[in-house]
Amino acid sequence: MELAAVEGFVESLGDTVLDWSYKGFGSLPAPVTVAEVRHRGQGPQALGLHELGTPMMTVDLSAVADNLLQMSSWCGEHGVQLAPHGKTTMAPLLWLGQLMSGCVGITVANASQLRAARAFGVDHLQLASELVQPADVAWVAAELERHEDFEFICWVDSVEAVERMQTALVGQPGRARVPVCVEVGAAAGRTGARGLDAVLAVAAAVNAADRLALAGVSGYEGAVPGSGPDAAGLAAVDAFLRAMADAHLALTDLYETARVTVTAGGSSFFDRVAAVLGPLAAPEAARPVDVVLRSGAYVVHDDVHYRDRTPSSRGDGPPLRAAIHVWAGVLSRPEPDLVILDAGRRDLPFDLDLPVVLSASRSGSPRVDVPVGRATVVRLNDQHAFVRVGGDCELAVGDVVRLGLSHPCTAFDKWRAIALLDSADVLEPRVEDVVLTFF
Ligand SMILES: Cc1ncc(COP(=O)(O)O)c(C=O)c1O
């Protein structure tokens with residue numbers, strides 16, 4: 001049901017006309033629809049990446065397919081489930097791949113993403129956040145009432161949040177109790193109840209609210225101060241996850257739903273989540289416990305931040321491949337050691353690290369590789385990248401550079417249409433489909 005609905009939504013996006021209003025696609029001789037690109041992508045007439053303009057963001061389908069498979073087998077082997085964070089991509093085509101690879105639902109960050117997810121056709125949704133505005137709570141209640149397949153869970157971290165939800169729900173049609181997890185927080189961290197006493201107070205408030213049902217505990221180790229891939233950072237992550245486990249044990253007799261959810265885990269420390277919280281999973285218990293990861297970035301991975309932080313870099317995680325790139329044209333080499341590209345802050349993520357130069361090519365028949373030698377992106381303006389190069393760099397005006405990115409979450413939101421390539425590792429990538437995003 002859910003898969004068919006999301007598939008139907010993706011199919012309906014085929015009518016989208018890719019014209020000048022989608023960066024890079026205006027370079028085609030005439031506008032094409034997504035369905036035409038997809039159809040051509042299945043045969044010898046596929047659009048070539050280099051028929052599109054620069055800058056252009058791409059997703060490598062073969063890498064995504066590998067990541068989906070690797071992550072789903074890893075979760076299976078470790079007894080954890082995955083409801084990937086959809087905010088990473090906000091791309092129904094990629095969510096469909098995630099659901100098809102066995103994910104149990106999709107996670108979203110706020111009420112707008114929740115509405116988008118419902119429009120995409122997703123039935124199993126976790127809002128990894130508090131829901132405190134009455135209009136949003138009322139909308140969820142109405143949606144639950146209208147669609148019996150819709151399964152929803154969200155977080156509460158204060159008595160106020162519980163009372164606001166309860167107040168907004170009283171008087172709403174339907175008898176449904178909305179399942180909520182108590183969010184566990186860390187001192188100086190983000191949201192989340194601080195300490196076991198606070199967790200118990202929130203849980204008691206949920207028990208007292210007849211339109212809410214206590215359904216589990218939640219937390220996000222990625223927002224814990226001091227978390228990181230070194231020994232001290234991992235110790236901070238583990239301590240937080242142990243506090244979540246303690247909270248779960250303390251709430252055992254207070255749960256009010258048939259199944260209990262224990263949820264944590266982005267893409268940096270999901271191995272620690274499986275190690276510390278995994279043992280709480282009890283699929284066969286009278287009140288089954290599901291341990292649910294919410295990793296989002298894993299689906300496309302990256303060439304900088306996640307490359308260095310993913311569990312596989314520590315030797316205990318699925319091998320992931322970077323699937324996202326931005327292709328930028330050389331506008332100028334105004335000084336021998338400086339190359340200026342036509343992609344900037346509007347096109348590239350820069351909140352964690354600057355992009356990295358991976359390779360370059362030059363048009364011609366056939367297209368040829370251009371040795372880039374030592375080449376480092378040192379600065380970004382709105383529309384330009386500054387690349388410091390060595391004497392061994394052969395880049396010239398008009399060449400196209402493939403940039404590796406850092407942080408998928410802040411790459412996707414800069415692009416409404418992204419070319420889906422058969423592979424980004426070949427000289428003439430074929431465009432197989434188009435990934436549309438909805439931020
Ligand atoms: C609450 C929460 N859960 C899960 C994630 C997913 O983590 P990642 O982006 O590392 O996959 C995030 C990311 O910010 C988050 O804020």
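Start at 1 and go down the list; that is how both ligands and their atoms are numbered. Just so you know, these numbers come straight off a predicted model, no measurement behind them.
Between Thr410 and Asp351, the side chains place a donor N or O and an acceptor N or O closer than 3.5 Å (distance only, hydrogens not considered). At a cut-off of 3.5 Å, with distance as the only test, a side-chain donor of Thr191 or Glu183 sits close to an acceptor on the other residue. At a cut-off of 3.5 Å, with distance as the only test, no side-chain donor of Tyr220 or His85 sits close to an acceptor on the other residue. His50 and Glu428 share no side-chain donor-acceptor pair at under 3.5 Å.
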What does the contact table look like for ligand 1 (nitrogen or oxygen on each side, cut-off under 3.5 Å)?
unit_1: ligand 1; atom_1: 3 (N); unit_2: Arg294; atom_2: NE; d: 3.1
unit_1: ligand 1; atom_1: 3 (N); unit_2: Arg294; atom_2: NH2; d: 3.1
unit_1: ligand 1; atom_1: 9 (O); unit_2: Tyr306; atom_2: OH; d: 3.2
unit_1: ligand 1; atom_1: 10 (O); unit_2: Ser267; atom_2: N; d: 2.9
unit_1: ligand 1; atom_1: 10 (O); unit_2: Tyr306; atom_2: OH; d: 2.7
unit_1: ligand 1; atom_1: 11 (O); unit_2: Ser267; atom_2: N; d: 3.2
unit_1: ligand 1; atom_1: 11 (O); unit_2: Ser267; atom_2: OG; d: 2.6
unit_1: ligand 1; atom_1: 11 (O); unit_2: Gly296; atom_2: N; d: 2.7
unit_1: ligand 1; atom_1: 11 (O); unit_2: Ala297; atom_2: N; d: 2.9
unit_1: ligand 1; atom_1: 14 (O); unit_2: Lys87; atom_2: NZ; d: 2.6
unit_1: ligand 1; atom_1: 16 (O); unit_2: Arg190; atom_2: NH2; d: 2.9

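Taking the six-membered ring for Trp and the full ring otherwise, Tyr22 and Trp415 have centroids separated by 6.0 Å or more.
Among residues two or more places apart in sequence or in another chain, the side-chain contact (heavy atoms from CB on, under 4.5 Å) test is passed with Ala322 by Asp303.
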